[in-house]
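The structure appears right after this line, and notes come after that.
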Amino acid sequence: MTKQQQNWAVAIQAVEKLQALNITVCNVCISASKPVITIEPPKGVRFAQRPAEVSIRRGGGELVRIRTGMFEGCAVRWLNERIIDQVH
């Protein structure tokens, strides 16, 4: 089994576990090192490590906060609905 096939197998298993927790999976992609899963989690979901926060720009130039964490060997990221004030 190739590394990419192994990553897809890990991603499929993680997606099935997330769906069992009633978490909507929006996207799955395979990066160079691990699968990355984008979700819409219900409030109060806990992951294996404390989530980091990364700010990015979204359409219209506004800054939004994206949280990332690890789950079953995959990087998981989700939109935190708070909008960050822009610093000029």
With sequence neighbours left out, the residues meeting salt bridge (charged side-chain N to carboxylate O under 4.0 Å, His left out) with Lys34 are none
Applying salt bridge (charged side-chain N to carboxylate O under 4.0 Å, His left out), which residue pairs with at least one partner in [range] are found, sequence neighbours left out?
range	answer
residues 21-30	none
residues 19-30	none
residues 19-33	none

Heavy-atom nearest pair, Trp78 first then Thr68, reads CZ3-C, 4.2 Å
List, one per line, each side-chain donor-acceptor pair under 3.5 Å for residues 3-21, sequence neighbours excluded.
residue : atom : partner : partner atom : Å
Gln5    : OE1  : Thr2    : N            : 2.8
Gln5    : OE1  : Thr2    : OG1          : 3.4
Lys17   : NZ   : Glu72   : OE1          : 3.2

What about Val28 and Ile39, same hydrophobic cluster or not, with Ile/Leu/Val/Met/Phe/Trp/Tyr joined at side-chain heavy-atom distances under 4.5 Å?
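Hydrophobic grouping puts Val28 with Ile39.
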Looking at residues at least two apart in the chain, or sitting in another chain, which of them share a side-chain contact (heavy atoms from CB on, under 4.5 Å) with Cys26?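 Only Thr38, Glu40 meet the side-chain contact (heavy atoms from CB on, under 4.5 Å) criterion with Cys26.
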